[in-house]
Structures are given as structure tokens and as C-alpha cells.
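Beneath this line is the structure, given in C-alpha cells, with notes to follow.
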Amino acid sequence: MNMKKIYSVLVENRAGVLCKVSGLFSRRCFNIDSLAVGETDDPAVSCMTIVSSGNQRTIEQLNKKIDVIKVKTFDEKDSISRELMLIKVKYNRGTRRDIMEICEIMKADIVDMSNNNMIIQICDMPERIKVMLDMLKSISIVEVARTGTLALPKCIDN
């Protein structure tokens, strides 16, 4: 089994680029575990952050795509990665305090609330996002939305 890598792919911000890049992974039978796309400081350029077990050949093929500007690859241990999750939970008088304590421990915020539901926001490492989900499973998860992993290589002073 191949080790998961993080691919940071700078692409021209045009229609169809996402399909071309993700299709390359698909054709090579590599699953994309996480994919996040957003504009950079230049609106004509987007950054695709892909977590996958692709190999060197995948990188070579990515670099040949016309819309691809630059590809960087790094291991999870060599990067800082974050994921955003919004999670809606149902609560009652008996579980409200537990949820608030979990949020405090995990450094998550309650961003919306009604009489029986609340939406919690957490931005953290993917492993801690999973821990948060596991902690809330026993309470009553209604709905979850996640961004996928965003990552940059760690800062190294020369």
C-alpha cells in the first residue's frame, strides 16, 4: 500500500480544470481521500490541495497538463494541515453541558443554536476532527459538512 501524500497543485482558474486533474488520479486508479480548491492571492490562479496515494508518475502527468502551473508534493509529517468542520447536533437538557465541555476541550465554537439543535465549528488537524466526531457520536449527530484538508509545507529557515 502506498503512503498518502499531499499534492499542492497551482492551476489556472478556469472551467474544467478540476475534472482534468481529478480524472488523472482516477485513470491511474488512485483514490482521492480529500480535495479542496480555492483561489490564491491571484484570482486567475487556484490551489488544489489533494490528499491521495498517487505516485511519481502521477506528478509527472500532472506537470504535463496545460492548465497546471506548479505541483508540490509533501508528506503529512512535513506539513501543517487543517480541516474545517461544521457539525449539527441534537441536544437536550441532559446532553447540553456534555456538548459544551467537549467544545471547550476541543477548542470548538458553538456558532448557532435553537431549542434542540446546535451547530459547532471546529478548525483543526484532520486527526482531531475525527476525534471530535467520535466524541459527539454518542450524543446525536444530525448533519456534518467538512472542507477537506488544506495544507502548506512547514516553514524551514535556510
Side-chain angles (χ1 to χ4, degrees), residues 1-89 99-111 119-139 141 143-158:
M1 187 171 133
N2 288 337
M3 181 93 152
K4 287 195 172 87
K5 296 267 191 205
I6 298 172
Y7 300 91
S8 179
V9 185
L10 288 178
V11 296
E12 293 179 18
N13 191 1
R14 293 201 306 233
V17 175
L18 174 61
C19 186
K20 288 178 189 175
V21 172
S22 62
L24 174 67
F25 282 84
S26 174
R27 283 190 302 282
R28 300 208 155 293
C29 297
F30 290 114
N31 187 45
I32 293 177
D33 297 297
S34 175
L35 172 66
V37 184
E39 280 184 4
T40 63
D41 54 331
D42 178 355
V45 177
S46 288
C47 181
M48 299 176 69
T49 305
I50 303 166
V51 179
S52 179
S53 55
N55 59 17
Q56 188 57 40
R57 180 105 171 98
T58 308
I59 300 304
E60 291 164 9
Q61 293 297 310
L62 269 174
N63 277 316
K64 290 179 182 175
K65 295 282 181 201
I66 282 179
D67 303 312
V68 172
I69 299 165
K70 184 177 183 180
V71 180
K72 288 191 277 185
T73 308
F74 38 91
D75 293 313
E76 291 173 296
K77 65 180 177 26
D78 299 325
S79 68
I80 300 297
S81 59
R82 295 292 182 268
E83 186 174 332
L84 172 66
M85 177 174 67
L86 295 174
I87 183 165
K88 185 187 287 186
V89 293
I99 294 169
M100 292 173 75
E101 285 176 7
I102 290 170
C103 288
E104 189 174 331
I105 291 166
M106 297 299 295
K107 294 183 174 62
D109 297 313
I110 297 168
V111 294
I119 297 177
I120 300 163
Q121 168 187 292
I122 181 169
C123 179
D124 211 326
M125 296 176 287
E127 310 82 59
R128 286 189 44 93
I129 295 286
K130 185 181 178 334
V131 168
M132 179 79 171
L133 270 174
D134 291 343
M135 291 175 83
L136 290 170
K137 273 192 176 136
S138 64
I139 291 172
I141 295 173
E143 194 173 352
V144 174
R146 295 170 71 168
T147 60
T149 301
L150 296 176
L152 287 173
K154 288 182 177 176
C155 298
I156 299 171
D157 292 331
N158 294 334

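Small disclaimer: the values here were computed from a predicted structure and weren't measured.
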Could you go step by step and tell me if Met106 and Ile120 meet the side chain to side chain contact (heavy atoms under 4.5 Å, CB included) rule? CA-CA 11 Å; Met106 297 299 295; Ile120 300 163; over 6 Å; no
So [Y] and [X], do their side chains get closer than 4.5 Å, heavy atoms only?
{"X": "Met48", "Y": "Val21", "value": "yes"}
{"X": "Arg28", "Y": "Gln61", "value": "yes"}
{"X": "Glu101", "Y": "Glu104", "value": "no"}
{"X": "Val144", "Y": "Ile87", "value": "yes"}
{"X": "Leu133", "Y": "Arg146", "value": "yes"}
{"X": "Thr147", "Y": "Met85", "value": "no"}
{"X": "Lys154", "Y": "Asp78", "value": "no"}
{"X": "Ile59", "Y": "Lys5", "value": "no"}

Let's go through Phe74 and Leu152 carefully: what are the C-alpha distance in whole Å and the side-chain angles of both, what is the deciding distance for side chain to side chain contact (heavy atoms under 4.5 Å, CB included) to 0.1 Å, and is it a yes or a no? CA-CA 9 Å; Phe74 38 91; Leu152 287 173; 5.6 Å; no
Separation between [atom1] of [X] and [atom2] of [Y], rounded to the nearest 0.5 Å:
{"X": "Cys47", "Y": "Lys70", "atom1": "SG", "atom2": "NZ", "result": "11.0 Å"}
{"X": "Ser53", "Y": "Ile32", "atom1": "OG", "atom2": "CD1", "result": "10.0 Å"}
{"X": "Leu136", "Y": "Ile99", "atom1": "CG", "atom2": "CD1", "result": "6.5 Å"}
{"X": "Met125", "Y": "Lys130", "atom1": "CE", "atom2": "NZ", "result": "14.5 Å"}
{"X": "Ile110", "Y": "Ile102", "atom1": "CD1", "atom2": "CD1", "result": "10.5 Å"}
{"X": "Asn13", "Y": "Leu18", "atom1": "CG", "atom2": "CG", "result": "11.0 Å"}

For Tyr7 and Phe30: C-alpha separation, side-chain torsions, deciding distance, then whether ring pair (Phe, Tyr, Trp, His ring centres under 6.0 Å) applies. CA-CA 13 Å; Tyr7 300 91; Phe30 290 114; 8.7 Å; no
What closest approach, in Å, do [X] and [Y] show between heavy atoms, and which atom pair accounts for it?
{"X": "Asn31", "Y": "Ser52", "answer": "O-OG, 2.7 Å"}
{"X": "Arg82", "Y": "Ile80", "answer": "NH1-CG2, 3.8 Å"}
{"X": "Gly148", "Y": "Glu83", "answer": "O-CG, 3.5 Å"}

In chain order, what residues pass the side-chain hydrogen bond (donor to acceptor under 3.5 Å, both in side chains) check against Glu12, with sequence neighbours excluded? Arg14
Do Val131 and Met135 pass the side chain to side chain contact (heavy atoms under 4.5 Å, CB included) test, and can you show the C-alpha distance, the side-chain angles, and the key distance before you say yes or no? CA-CA 6 Å; Val131 168; Met135 291 175 83; 3.9 Å; yes
State whether the side chain of [X] and the backbone N or O of [Y] hold a donor-acceptor pair below 3.5 Å, judged by distance alone.
{"X": "Ser81", "Y": "Leu150", "answer": "no"}
{"X": "Thr149", "Y": "Ser34", "answer": "no"}
{"X": "Thr40", "Y": "Asp42", "answer": "yes"}

With side chain to side chain contact (heavy atoms under 4.5 Å, CB included) as the test, would you mind laying out the steps for Leu35 and Ile50 before giving the verdict? CA-CA 5 Å; Leu35 172 66; Ile50 303 166; 3.5 Å; yes
